[in-house]
Number of protein chains: 2
Amino acid sequence: MAQERKIDKVILGLLCHEDLSGYDIKKRMDGAVSFFWKGSFGNIYPALKDLENSALITKTDSSVGGRERSVYHITDAGRDALKEWLCDEQASNELRYETLLKLFFSSGAGREVSIRNIELFEKQTARDLEILKTCCRSLENAQDNEDHIYYYLTASFGVETYEVYLRWCKKAKKILRATPHNSIAESS
Amino acid sequence: MAQERKIDKVILGLLCHEDLSGYDIKKRMDGAVSFFWKGSFGNIYPALKDLENSALITKTDSSVGGRERSVYHITDAGRDALKEWLCDEQASNELRYETLLKLFFSSGAGREVSIRNIELFEKQTARDLEILKTCCRSLENAQDNEDHIYYYLTASFGVETYEVYLRWCKKAKKILRATPHNSIAESS
DNA sequence: GCTATGATATATCAAGCAGATATATCATAA
DNA sequence: TTATGATATATCTGCTTGATATATCATAGC
């Protein structure tokens with residue numbers, strides 16, 4: 001069966017507020033949305049084509065000079081499709097953390113390697129946390145706008161989970177350093 | 001370019017401790033690993049074929065009667081490949097939370113819908129948390145085994161993040177209920 | 001002893017998706 | 001004037017999921 005394509009909903013959701021080109025959509029997705037859902041040109045452009053064929057969006061040429069540019073606009077049917085998805089109680093929530101995958105199998109490589117991997121994860125998390133915190137602060141004081149409440153809630157989800165990640169990193173490193181245990185890897 | 005296939009590492013990691021069939025591997029992946037990395041037959045079986053061709057694993061027929069069964073065993077080259085991956089500092093950590101995606105675009109559907117979606121997420125999280133907690137408790141008192149320390153660390157990552165998820169759910173529902181704001185959706 | 005059910009076991013396909021790559025235009029800064 | 005980087009659209013390969021197909025075996029109930 002045809003799988004539900006999430007990129008369609010992201011596009012409809014973004015177009016709900018403003019008309020955008022495929023490139024604009026990519027930029028938006030690289031922003032605040034990216035920490036819980038990523039997208040690429042490889043699925044954005046085909047999705048735009050399909051959504052246009054299904055009349056959920058319309059395409060307008062807004063080329064300037066020799067520079068091509070297509071801007072997309074959501075239709076009433078598109079808004080309905082978005083709402084239907086929002087009301088659908090199914091939701092797939094999935095973590096794909098290679099750092100944890102590595103840690104799970106780390107007895108073959110030893111503690112120094114694990115600690116190094118946790119430190120790298122810690123650094124990346126700390127960087128991302130700062131971005132999300134800035135985002136969160138700017139939304140906190142603008143909750144008269146209905147949209148901003150939702151943006152704030154997703155951003156605060158990120159802030160709170162990332163803070164826990166950092167606490168876990170500290171604890172994990174402490175445990176790994178506590179009882180030095182020689183592994184096959186560390187002796188090679 | 002050939003992408004790094006994560007399923008290969010999962011298989012090598014699991015085979016590091018015991019010989020397994022494709023079906024066994026799926027079962028293991030549905031267990032404790034599944035909360036941070038999922039797998040399916042659709043990629044496990046092709047990966048087993050490729051890993052065998054690359055001599056990272058060997059296949060042994062262990063059919064009983066008319067019932068086919070192939071058991072795989074890791075080779076020294078396979079252990080090296082696993083270790084190489086463990087030592088590689090690159091790691092892609094990705095969240096794909098449809099619940100957050102919906103929440104981000106929820107102004108079009110209204111607060112009741114958002115609260116319902118959060119409640120569903122909350123229930124699923126609470127269920128998963130119980131499983132992880134049980135897993136964590138049994139590992140806590142068995143840290144003389146080197147492997148168990150890594151299993152414990154990944155499980156405790158899950159417990160701690162899921163607990164934060166639940167706290168966030170409570171907060172989010174409270175905010176959404178605090179300032180009742182009529183949306184286009186609630187009036188339809 | 002028979003039968004239904006569910007677990008075991010292997011495999012394939014369509015569709016979704018990421019990452020890399022290609023091509024071309026335009027603004028700008030050196 | 002020229003190089004760089006942002007804008008813009010598009011395609012391809014390979015990885016991944018979810019569904020589906022097929023067949024065997026253990027067991028539990030009748």
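The model shown is predicted, which means the values in this text are computed figures rather than measured ones. Reminder, nothing fancy here: chain letters follow the sequence lines and each chain counts from 1. The analysis underlying the following values was restricted to heavy atoms, covering all of them including side chains, and did not include hydrogens, waters or symmetry mates.
- Distances shown here put a side-chain N or O of B:Tyr23 below 4.0 Å from the OP1 or OP2 atom of C:dT8.
- The nearest pair of heavy atoms linking A:Ala172 to A:Ile118 is CB-CD1, 3.8 Å.
- Protein atom CD1 of A:Ile7 is 7 Å distant from nucleotide atom P of C:dA18, rounded to whole Å.
- For the pair B:Glu52 CD and C:dT10 P, the computed distance is 12 Å after rounding to whole Å.
- Remark on DNA chain C: of its neighbouring residues B:Ser92 and B:Arg67, the 5'-side contact belongs to B:Arg67, judged by nearest-heavy-atom nucleotide.
- We find that CD of B:Glu98 is positioned 14 Å from P of C:dG16, with the value rounded to whole Å.
- In this structure, CZ of B:Arg5 is placed 7 Å from P of D:dT16, rounded to the nearest angstrom.
- Protein atom CG of B:Leu48 is 9 Å distant from nucleotide atom P of C:dA11, rounded to whole Å.
- Contact check, A:Arg96 against C:dA18: no side-chain N or O comes under 4.0 Å of OP1 or OP2.
- For the pair A:Asp24 and A:Arg28, the salt-bridge criterion is not met [side-chain N within less than 4.0 Å of a carboxylate O].
- When hydrophobic clusters are built by joining Ile, Leu, Val, Met, Phe, Trp and Tyr residues whose side-chain heavy atoms come closer than 4.5 Å, directly or via intermediates, A:Leu132 is grouped together with B:Leu95.
- Contacts of A:Asp50 with the nucleic acid, taken as non-hydrogen atoms under 4.0 Å apart, are absent.
- Contact between the side-chain N/O atoms of B:Tyr45 and the OP1/OP2 oxygens of C:dA11 is not found at any separation under 4.0 Å.
- A salt bridge is defined here as a Lys NZ or Arg NE, NH1 or NH2 lying under 4.0 Å from an Asp or Glu carboxylate O, and A:Glu146 with B:Arg111 meets this definition.
- For the OP1/OP2 pair of D:dT7 and a distance below 4.0 Å, the side-chain nitrogens and oxygens of A:Ser21 include no atom meeting the criterion.
- One can place CD of A:Glu94 at 14 Å from C1' of D:dC15, the figure rounded to the nearest angstrom.
- Heavy atoms of B:Asn43 sit under 4.0 angstrom from at least one base atom.
- As judged by a 4.0 angstrom heavy-atom cut-off over every strand, A:Lys26 is placed among residues making no nucleic acid contact.
- When heavy atoms are screened at a 4.0 angstrom cut-off, A:Asp24 is found touching the sugar-phosphate backbone but no base atom.
- Under the 4.5 Å side-chain heavy-atom criterion for grouping Ile, Leu, Val, Met, Phe, Trp and Tyr, B:Phe41 is connected to B:Tyr72 within one hydrophobic cluster.
- Distance B:Ile44 CD1 to D:dT17 P: 9 Å, rounded to the nearest Å.
- Along DNA chain C, the nucleotide nearest to A:Glu68 and the one nearest to A:Lys38 differ in position, and the one closer to the 5' end is contacted by A:Lys38.
- Within 4.0 Å of B:Gly22, counting heavy atoms only, lie sugar-phosphate atoms of the nucleic acid but no base atom.
- Taking atom CG of B:Asp30 as the reference point, atom C1' of D:dT17 lies 13 Å away to the nearest angstrom.
- One finds a side-chain N or O of B:Lys49 lying less than 4.0 angstrom from the OP1 or OP2 phosphate oxygen of C:dT12.
- At a cut-off of 3.5 angstrom, counting only N and O atoms as typed in the model, there is no donor on one side facing an acceptor on the other between the side-chain of B:Arg69 and the base of C:dT10.
- Using a 4.5 Å cut-off between side-chain heavy atoms of Ile, Leu, Val, Met, Phe, Trp and Tyr, with links allowed through other members, A:Val71 and A:Tyr23 fall into different hydrophobic clusters.
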